[in-house]
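Have a look at the structure below before the remarks.
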Amino acid sequence: MGVLLVFNGGFMIIPSIYSWIIGESVALALAESALISIFIGLTAMFFTRHHDKDITQKEGYLIVSLGWLFMVLSGMLPYVISGKIDGIENSFFETMSGYTTTGASILNDIESLPNGILLWRSFTHWIGGMGIIVLAVAILPLFGIGGMQLFSAESPGPSADKVKPKIADTAKRLWLIYFGYTVSETILLKVAGMDWFDATNHALSTLSTGGFSTKNASIAYWNDSPLIQYIIILFMFLAGTNFVVSYYAFKGKISNVLHNEEFKWFFFFIVGFTAITSFSIYFFADTSVASINYPMVLGEAESAFRHGIFQVLAIITTTGFVTADYTLWTPLLTILFFGLFFLGGSAGSTSGGVKVIRHLIMIKNGFQEFRRILHPNAVLPVRYKGSSVDQKIVYNILGFFILYSLSFIIGAVVFAGTGLDFESAIGASASSLGNVGPAFGELSPVDNYASLTVFGKFWSSFLMLIGRLELFTVLIIFTPYFWKST
C-alpha cells in the first residue's frame, strides 16, 4: 500500500509542475496532494519494512482490493484540496471512474476546469488502465516481495499469458508497450491537428480505454477532423487487444497473432458489428438530431462508416468516447449497443467488461452440452487454442457469468430504488459494472452522472470497482470463510 501511494504521489507531481509552468493556482493544491500521498506512503513503508515478505493468495486479493481503494482516496485529494469538484461523493466518484477506466463523469462543464486538474484526471485513467498492481509487481521485487499472487488477482481474464518466465519481467515489457503506444498516439494526434495538451490527455484516455476528454462534447468536438478520429479508432483497437499479442507482433511472431483465437473473434466481432451499425446509420439514422453540437453529414458513406466503427470500438473496448448521441440513431442500434456493454475486449487488455475469451468458452461449452446429451458417456472437453480447457476454468467462467448477471440485476434494482427510470437504471448498472461510461436515458452520451443521488454515486463507484477487478477479487473479501484461518 505504501509503495502504491508513493507511486500515486509521484504521478501527481507531473500535473503540478505543468500547472506551475503555465501559471495556474491549482499547482499548489496538486503539490500538496502529492506530498501528502508520498508522506503517508513512505510512513507505511517504514513501519512495515520488517514484515513477512511471503504473500499468500488470500493476502494478494486483499492487497489488490484495498490498494485500489487507497489509490482512489489518495487520487481524489487534488479535487478536494483545490475545491474544483464540490462534494466528497463527487470527488470520490470522478476518481473511481478514473482509476477503473470507466469514464463516467459528474462534471457539467469540463472545459472550465484548470489544465492541471484535467491532466491529473487523465492520469488517473492511465495509471489504472494497465493496472497499478501490474506496475507494482515490476517494483516490489526490489523490496524482496514476489508479485505472482498480485498479478493473478489483478490481471484481466481467466488466465494471464506470460511473456517471460518471471512475472516482473512480464509486467515491465507490457508497461513498455503501453507507454510506447501512449507516446505514439500523442505524436500522431498532434500531427493530425490537436494541440499538445489535448493530444496528451486523449492518448492517456485512449490507451487506458477510459474515455475522459478535455472537451464537453468528447470526440464529437473533432467531427470535422476525420484523421483525428481514425487515429483514436486505431489505438482503441490496440488497447482492447491483449497486450501479449502486441508483444508477439513486435517480435515478428505474426503466426502467434494470426492463430490467436480470441484475437480473431475480437476482430470479427468488430467487423460484423461495424457493418450493421454503419449500414443502419447510412440508411435509417436521423443524424441531424443525434449529433453533439457538431453534426454528422447525413447520407455520406464515409461518415457513416467512421461513426459506426468509432462507437462500436468505444463500447466493445469500454473506452466510452462518443462522436454522437447513438441512443437517437435507431432502436436497433440502441439494443445492439446495450448488448455490447456486456462483451468487453480481450483478456490481457486494458478494457473492462466480460471479455471475449469468456464468451468464447461459454459458447463452446454450450454447444458441447448438446453433444453430451446425445453421448452421455463420451469425454467431450471444451477446446481452446487446440488444447482442452481445464474443467475448473470452465466452472470458474460459469460462476463468473452467474455472479456478473446477479450483480447487474441487483445493481439495476438499487439504481431504480434511487429514483432512476427503467432505461436509466439498467444502463447505469451495465455501464458501471462493465466500465463503459455513457449509458442510456438520463445518463446518455449527451448527459452525465451528476443527477445521481449521493448513495447512487457511491453505489455506481462500487460497481465500477468490482467490475474492474472482475468481481471475485473484491467480493471474496465479503465472504465469512475468507477471514477464517486455514
Side-chain angles (χ1 to χ4, degrees), residues 26 72-73 75-115 117-122 124-125 128 201 205 210-221 291-293 314-315 318-328 341 411-412 414-465 467-468:
V26 295
V72 171
L73 293 174
M76 62 188 281
L77 288 176
Y79 304 140
V80 174
I81 294 176
S82 68
K84 295 303 178 180
I85 295 182
D86 294 328
I88 295 296
E89 73 281 359
N90 290 327
S91 296
F92 185 85
F93 180 94
E94 198 77 11
T95 312
M96 180 66 79
S97 181
Y99 282 110
T100 58
T101 71
T102 304
S105 179
I106 47 80
L107 297 173
N108 291 312
D109 187 7
I110 297 169
E111 295 173 35
S112 67
L113 291 177
N115 284 0
I117 293 295
L118 289 178
L119 184 59
W120 170 244
R121 184 169 171 260
S122 298
T124 60
H125 265 347
N201 278 273
S205 291
F212 279 159
S213 175
T214 56
K215 305 297 181 184
N216 293 326
S218 187
I219 308 303
Y221 183 87
S291 64
I292 308 179
N293 302 330
I315 294 175
T318 69
T319 306
F321 283 141
V322 292
T323 60
D325 186 356
Y326 50 77
T327 63
L328 298 179
F341 276 21
V414 173
F415 276 123
T418 66
L420 290 182
D421 59 72
F422 175 76
E423 185 180 12
S424 302
I426 64 171
S429 183
S431 182
S432 299
L433 195 59
N435 307 129
V436 178
F440 302 100
E442 298 175 27
L443 312 174
S444 72
V446 296
D447 299 298
N448 57 32
Y449 286 65
S451 62
L452 290 180
T453 63
V454 172
F455 176 77
K457 289 169 184 174
F458 281 115
W459 178 248
S460 179
S461 299
F462 174 71
L463 292 180
M464 291 179 202
L465 181 63
R468 176 62 180 89

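All values below come from the heavy atoms of this structure, side chains included, with hydrogens, waters and symmetry mates left out.
A donor-acceptor contact shorter than 3.5 Å links the side chain of H125 to the backbone of G98. Judged by distance alone, with hydrogens and angles left aside, the side-chain atoms of T323 form no donor-acceptor pair with the main-chain N or O of A220 at under 3.5 Å. Side-chain atoms of S432 never come within 3.5 Å of backbone atoms of S429 as a donor-acceptor pair (strictly under, hydrogens ignored). A donor-acceptor contact shorter than 3.5 Å is absent between the side chain of T453 and the backbone of T418. Of the possible polar contacts, none joining the T319 side chain to the G211 backbone as a donor-acceptor pair under 3.5 Å is found. Between the S82 side chain and the P78 main chain, a donor and an acceptor come within less than 3.5 Å of each other.
Considering CZ of R121 and CD1 of I110, their distance stands at 4.5 Å, rounded to 0.5 Å. Distance check: M76 CE to M96 CE gives 10.0 Å after rounding to the nearest 0.5 Å. The CG atom of L420 sits 6.5 Å away from atom OG of S451, with the distance rounded to the nearest 0.5 Å. Distance check: L119 CG to S122 OG gives 6.5 Å after rounding to the nearest 0.5 Å. Here the CD atom belonging to E94 is positioned 8.0 Å from the CG atom belonging to N90, to the nearest 0.5 angstrom. Annotation: the span from F458 atom CZ to I88 atom CD1 amounts to 8.0 Å, rounded to 0.5 Å.
For D421 against S424, the heavy-atom pair with the smallest separation is OD1-N, 2.9 Å. Smallest separation of non-hydrogen atoms from D447 and G441: OD2-O, 3.7 Å. Listed here is the closest heavy atom pair of F321 and S205: CZ-CB, 3.6 Å. In terms of heavy atoms, A425 sits closest to A416 at CB-N, 3.9 Å. Heavy atoms only, all atoms of each residue included: A439 and T327 are closest at O-CG2, 4.0 Å. When all heavy atoms of P445 and V322 are compared, the pair lying nearest together is CB-CG1, 3.7 Å.
Under a cutoff of 6.0 Å and an axis angle of 45°, K457 and F93 do not form a cation-pi pair.
Between W459 and F415, the ring-plane angle classifies as perpendicular under the 30° and 60° cut-offs. Aromatic ring pairs are classed by plane angle as parallel below 30°, tilted from 30° to 60° and perpendicular above 60°; the pair Y99 and W120 is perpendicular.
Side-chain contact check for S105 versus Y449: every heavy-atom pair is 4.5 Å or farther apart. For the pair F455/E89, no side-chain contact is recorded, criterion being any heavy-atom separation below 4.5 Å from C-beta on. Considering only heavy atoms from C-beta on, L463 stays 4.5 Å or farther from V414 through its side chain. Annotation: side chain of T102 is not in contact with side chain of S460 (no heavy-atom distance under 4.5 Å). Side-chain contact between L443 and P438: absent, with no pair of heavy atoms (C-beta onward) separated by less than 4.5 Å. In this structure the side chain of T124 reaches within 4.5 angstrom of the side chain of F212, judged on heavy atoms. Side-chain contact between E423 and F440: present, with at least one pair of heavy atoms (C-beta onward) separated by less than 4.5 Å. Between N435 and R468, the closest side-chain pair of non-hydrogen atoms falls below 4.5 Å.
Exactly one of L107, N108, N216 qualifies for a side-chain contact (heavy atoms from CB on, under 4.5 Å) with N448. That residue is N108.
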Exercise for the section: Determine, step by step, whether E111 and T214 satisfy the side-chain hydrogen bond (donor to acceptor under 3.5 Å, both in side chains) criterion, reporting the C-alpha distance in whole Å, the side-chain angles of both residues, the deciding distance to 0.1 Å, and the verdict. Expected result: CA-CA 6 Å; E111 295 173 35; T214 56; over 6 Å; no
Exercise for the section: For F341 and T318, run side-chain contact (heavy atoms from CB on, under 4.5 Å): C-alpha distance rounded to whole Å, both residues' side-chain angles, the deciding distance at 0.1 Å, then the answer. Expected result: CA-CA 8 Å; F341 276 21; T318 69; over 6 Å; no
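Side-chain contact check for S213 and S218: no donor-acceptor pair (N or O, by modelled atom type) lies under 3.5 Å.
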